[in-house]
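Here's the structure we're looking at; comments come further down.
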2 protein chains.
Amino acid sequence: MLQVVAISMTNHQIAIDSLKETGHRLTPQRVLILEAIEGISGHVTVEQIHQWVTKQNPTIDQATVYRTVRLLSGLHLLNEVVLGGVSHYEYADPVSRHHHMACEHCGCAIHIPTHYLDKLQLQLKNDTGFEPHMEHFTISGLCPDCQLNTNHSHSGHRHVHRGESRSPSHPEVQLP
Amino acid sequence: MLQVVAISMTNHQIAIDSLKETGHRLTPQRVLILEAIEGISGHVTVEQIHQWVTKQNPTIDQATVYRTVRLLSGLHLLNEVVLGGVSHYEYADPVSRHHHMACEHCGCAIHIPTHYLDKLQLQLKNDTGFEPHMEHFTISGLCPDCQLNTNHSHSGHRHVHRGESRSPSHPEVQLP
DNA sequence: GTGCATGCAAACAGTTTGCACAAGT
DNA sequence: ACTTGTGCAAACTGTTTGCATGCAC
């Protein structure tokens with residue numbers, strides 16, 4: 001009788017298998033990029049990935065990273081989350097699905113459990129016929145800290161501008 | 001006794017008043033831009049606004065449009081809605097508040113009444129302390145038409161690429 | 001060996017900005 | 001007059017692409 005063993009595989013190992021299964025080539029660049037996305041916690045930008053992989057192999061080009069994350073998103077191995085105009089990527093691990101709420105001011109983001117949006121998703125689908133893709137879904141707002149710091153000087157809504165790319169003060173908080 | 005008369009003002013008239021009240025100058029360019037945003041229905045891009053105003057005054061620069069929509073957003077006279085990576089603007093008329101759901105494939109967008117998100121907004125605020133800004137809020141997905149046309153060739157999620165800027169087949173549908 | 005993947009550089013779109021001049025108050 | 005707003009052009013960021021070479025299969 002066959003024994004099914006639950007082996008805990010890392011996300012990048014799963015992704016490597018998927019790549020091969022779908023007939024794509026397993027290059028050292030791709031492996032490094034996959035490891036980078038796992039190594040850096042949270043949702044990462046192409047630039048962050050590039051900096052990480054560059055430490056291992058300084059010749060890897062940013063274009064390769066762009067092409068790779070695009071490929072991986074297409075294979076549903078990564079989710080793309082756009083925060084403040086820049087694409088961020090994270091493993092599309094189905095067991096840890098969540099949504100995002102990002103602070104417009106400091107750029108920090110928290111995870112929101114899927115159940116918060118389940119009814120909404122169903123409602124929208126029923127009422128509109130639209131098929132909402134909640135994976136690519138981010139609510140913007142102000143985090144508690146920034147609410148205090150910006151209540152007065154509130155001149156305009158688009159706080160996270162191009163290139164500001166601020167490092168969040170409390171990057172990843174988990175909800176109950 | 002004073003009589004309060006409800007005069008129906010157009011959005012751009014209101015905006016003109018707000019500009020003066022906040023000490024900004026009323027230039028012909030700004031007036032034209034305000035009229036354009038009202039003249040073109042739905043959420044409009046800077047390029048659309050520029051094309052419109054150019055017909056009245058061919059010397060108006062795109063930079064002026066950018067500066068103006070930024071100013072107006074800052075004064076909460078416009079809402080900024082980012083669809084497929086490009087900023088769209090619409091009057092922040094409080095009586096017609098709504099949210100958006102945009103099709104990733106064809107770029108069309110429908111309006112979603114605010115009540116769909118009221119409970120979610122409250123819930124999130126209570127549970128996380130985040131102050132969600134639902135005005136800047138768009139759910140992406142697939143419209144009914146594109147669900148039929150893309151069920152098979154579903155290779156990747158980011159369908160609306162830079163520069164594609166497709167014209168929606170059914171741009172603005174109103175929900176019950 | 002064949003064809004996909006990479007590195008490099010150049011292009012691209014959307015957006016922002018520095019500066020001299022124009023124009024609203 | 002004083003200052004803000006404009007037009008123009010140039011810069012900038014994130015991203016895509018064409019092409020010759022390199023490497024996984």
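Here the P atom of nucleotide dT4(D) and the CD atom of Gln29(B) are 17 Å apart, to the nearest Å. Look at CD1 on Ile60(A): it is 14 Å from C1' on dC8(C), rounded to the nearest Å. Regarding Gln48(A), its CD atom lies at a distance of 12 Å from the P atom of dT15(D), rounded to whole Å. Computed from coordinates, the Asn57(B) CG to dG5(D) P distance equals 18 Å when rounded to whole Å. In this structure, Tyr66(B) atom OH and dG5(D) atom C1' are separated by 18 Å, rounded to whole Å. In this structure, Leu71(B) places its CG atom 16 Å from P of dG24(C), rounding to the nearest Å. Across the protein-nucleic acid pair, His88(A) atom NE2 and dG14(D) atom P stand 10 Å apart, rounded to whole Å. Atom CG in Leu19(B) sits roughly 10 Å away from atom P in dT25(C) (whole-Å rounding).
One N or O on the side chain of Glu38(A) and one on the backbone of Asn11(A) form a donor-acceptor pair closer than 3.5 Å. At least one donor-acceptor pair under 3.5 Å links the side chain of His50(B) to the backbone N or O of Ile60(B).
Atom CG of residue Leu122(B) and atom CG of residue Leu117(B) lie 12.0 Å apart, to the nearest 0.5 angstrom.
Residue contacts shown for Arg30(A) are limited to sugar-phosphate atoms, with no base heavy atom under 4.0 Å away. Using a 4.0 Å heavy-atom distance criterion, Thr59(A) is classed as a sugar-phosphate-only contact. Within the nucleic acid shown, Pro58(B) has no heavy atom closer than 4.0 Å to any nucleic acid atom.
Both Ala63(B) and Asp61(A) lie close to DNA chain D; mapped to their nearest nucleotides by heavy-atom distance, the more 5′-ward contact belongs to Ala63(B). Ranked by how close their nearest DNA chain C nucleotide is to the 5' end, Val46(B) and Arg25(B) are led by Val46(B). Nucleotides of DNA chain C nearest to Gln62(B) and Thr27(B) differ in position, and the one nearer the 5' end is that of Gln62(B).
Ring centroid separation for the pair His100(B) and His88(B) does not come in under the 6.0 Å cut-off. Residues His99(B) and His111(B) place their aromatic rings such that the two centres sit no closer than 6.0 Å.
A rotation axis mapping the C1' atoms of four pairs onto the next four is fitted at both ends of the helix from dG1(C)-dC25(D) to dT25(C)-dA1(D) over five pairs, and the angle between these axes is 30° to 10 degrees.
Enclosure of atom NZ in Lys119(B) by more than 12 non-hydrogen atoms of other residues, nucleotides or ligands within 6.0 angstrom is indicated.
Listed nucleotides dG24(C), dG14(C), dG18(C) differ in distance to Pro28(B); the shortest reach to its side chain belongs to dG24(C).
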Full working for side-chain contact (heavy atoms from CB on, under 4.5 Å) between Leu19(A) and Leu34(A): CA-CA 11 Å; Leu19(A) 271 184; Leu34(A) 287 169; 4.3 Å; yes
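In terms of polar N and O atoms assigned as donor or acceptor, the side chain of Arg70(B) never comes within less than 3.5 Å of the base of dG5(D) in a complementary pairing.
For the OP1/OP2 pair of dG7(D) and a distance below 4.0 Å, the side-chain nitrogens and oxygens of Thr64(B) include at least one atom meeting the criterion.
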